[in-house]
2 protein chains.
Amino acid sequence: MSSNLIHMILSEKTIYPHVSVDCVVLGFDGMHFKVLLLKRTGMEGETRFSDLKLPGRLIYSNEDLDEAAQSVVVELIHSTTIFLHQFRSFGSPGRTSNPRDLHWLENAVKLKIGRIITVGYLALIRIDDKLRFKSDTLQATWVPVREVGKLAFDHNVIIQEAMHEVSRYVTMDPSVVFNLLPKRFTASQMRTLFEELFDQAMDVRNFHKKMSRMNYLVATDEFEHGVAHRAARFYRFDKKIYLKSHGGFNLNSSL
Amino acid sequence: MSSNLIHMILSEKTIYPHVSVDCVVLGFDGMHFKVLLLKRTGMEGETRFSDLKLPGRLIYSNEDLDEAAQSVVVELIHSTTIFLHQFRSFGSPGRTSNPRDLHWLENAVKLKIGRIITVGYLALIRIDDKLRFKSDTLQATWVPVREVGKLAFDHNVIIQEAMHEVSRYVTMDPSVVFNLLPKRFTASQMRTLFEELFDQAMDVRNFHKKMSRMNYLVATDEFEHGVAHRAARFYRFDKKIYLKSHGGFNLNSSL
DNA sequence: ACAAAAGTGTTCCGCATACACCCATGC
DNA sequence: GCATGGGTGTATGCGGAACACTTTTGT
């Protein structure tokens, strides 16, 4: 091993940044987008603090980035296949400048940390009855995206970028939204999702027309129960029909 | 400094990957997309080899990714402001598996290298009379994207991803193409660019109509000279008009 | 005159937009 | 019966797609 290398490390002017993955796990509860965050506690001087962070970790020495991201999500959630895509990396040296973050991190990984470059991943999750967290001890919570407070590191920025990325995905391929909607969903759930995502109201009639143009969107014979107004019809996404008309090219394939 | 850290480094099972930026510098010569590549020579066993690679380098210890990418491009090209955007990171452990690449790299940076995670940047350049490379010794060459041979590392993959990214940018905001076209350009140059980018022929009349709908695209009184057919009119992109009608939101801002 | 590329108009269709009222249900 | 949200049709305009001939210039 080059003495040059050891010298650089010992001088703590290392050019070896750490690399992590952070996963923005997004869900939609029928009303709002929610992001999955983990509780973090640590010491800041004499006082103990507690705040929230994105799920993520340093990558292992011989691990692919996609694998690392996948494992981060899989360790949190029981799931089949997940929409999971890298969307961008964050490498500002200032992103670990908060002493609170740095101390917490060095305590967590038992390593001296200079800087961390993180690769952002976007996961889209169906929040439904089947969804279970793998462990309560992980302290995972869904937080409405609009109500997220100050997070660790630059995780607020990462979430904002992830939301932009979702809208780009949906613009290119609207069927991406079916990763977020329940198996059976009403027209207004779907419309609300679009309204939240693009932050603009949509005309109800025009939205119904848009839906009826999607031949892969099939109306079921099921309706809501027990609501204090006319019951809404449930729709479902038919993947087979979709794949026939969009042969091969779609963004829904998981990693 | 933690002895843990030193131990990991000495054992060469370090979890400290190197991080680099690689820049896919794309131009359009009026006929084809071209990518800027650098000559690389090295030894493979007893024999000397020579091939091509993307411009890029390891990041410095306290350097932002965007800055690193910017400096890579600026060191190659005299330029004003450049369209330069991060598009994705490449972190497969296998990407440095070719012994030729590994040996070349370790010789170049005088460091023992385990793996490298690289952040891909896309730069769009106007190939015109003003374009000059800063130094001949850098051995930079424009290679038509369709004719690029086997490159170092996974640079072929990176270029393919970059091309996809360009078409996504242009789809979202067609004015991105004016980063590639000369200051004065003909309708057929612009059309050829779209045809190359989306790999499909476009109807000439419909394309002219599309152009005339872009109010920020102004017809000049200049025409081609000395061509063996009717001379084509030159057009130019009027950025002021563009910014008025697309207030603030555009992808053309440089970093 | 001929070769080679530039430039021009019309029709058709799908999709976005704008807009107002009746329907089913629980309380 | 009333409050609440679900669901429906029409008219207008823009932009994409298809399609053939005339114009200009150099040789």
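Letters go in sequence order (proteins before strands), and every chain restarts at 1.
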Whether A:His155 and A:Phe153 hold their rings parallel, tilted or perpendicular, with breakpoints at 30° and 60°: tilted
In whole angstrom, what separates [X]'s [atom1] from [N]'s [atom2]?
{"X": "B:Arg213", "N": "C:dT8", "atom1": "CZ", "atom2": "P", "value": "15 Å"}
{"X": "B:Met202", "N": "C:dA5", "atom1": "CE", "atom2": "P", "value": "20 Å"}
{"X": "A:Arg191", "N": "D:dT8", "atom1": "CZ", "atom2": "C1'", "value": "13 Å"}
{"X": "B:Phe234", "N": "C:dA6", "atom1": "CZ", "atom2": "C1'", "value": "13 Å"}
{"X": "A:Met211", "N": "C:dC15", "atom1": "CE", "atom2": "P", "value": "16 Å"}
{"X": "A:His208", "N": "C:dC15", "atom1": "NE2", "atom2": "C1'", "value": "18 Å"}
{"X": "A:Arg233", "N": "D:dG5", "atom1": "CZ", "atom2": "C1'", "value": "16 Å"}

Sugar-phosphate, base or nothing in reach of B:Thr186, heavy atoms under 4.0 Å: nothing
Dump the pairs, protein N or O against N or O of nucleotides 9-13 of chain D, anything under 3.5 Å, distances to one decimal.
from   : atom 1 : to       : atom 2 : distance (Å)
D:dT10 : O4     : A:Lys209 : NZ     : 2.7

Cationic N near anionic O, under 4.0 Å, A:Lys53 to A:Asp51: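 A:Asp51 and A:Lys53: not salt-bridged.
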Check ion pair B:Arg146-B:Asp199 (N to O, under 4.0 angstrom): yes
Cation-pi, A:Phe90 ring and A:Arg88 (6.0 angstrom, 45 degrees): yes
Side-chain donor/acceptor of B:Arg126 to backbone N/O of B:Phe178, under 3.5 Å: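 Here the side-chain-to-backbone pair exists.
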Exam field: side chain A:Glu195 to backbone A:Met202, donor-acceptor pair closer than 3.5 Å: yes
Exercise: do A:Ser50 and A:Thr41 side chains pair donor with acceptor under 3.5 Å: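 Side chains of A:Ser50 and A:Thr41: no pair found under 3.5 Å.
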Sequence neighbours excluded, every pair satisfying side-chain hydrogen bond (donor to acceptor under 3.5 Å, both in side chains) that has a member inside residues 208-227 of chain B: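 For residues 208-227 of chain B, and leaving out neighbouring residues, the side-chain hydrogen bond (donor to acceptor under 3.5 Å, both in side chains) pairs sorted by first residue read B:Arg184-B:Glu222, B:Asn206-B:Lys209.
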Contact letters for nucleotides 21-27 of chain D, in which S counts primed atoms plus P, OP1 and OP2 and B counts the base, heavy atoms under 4.0 Å: --BBBS-
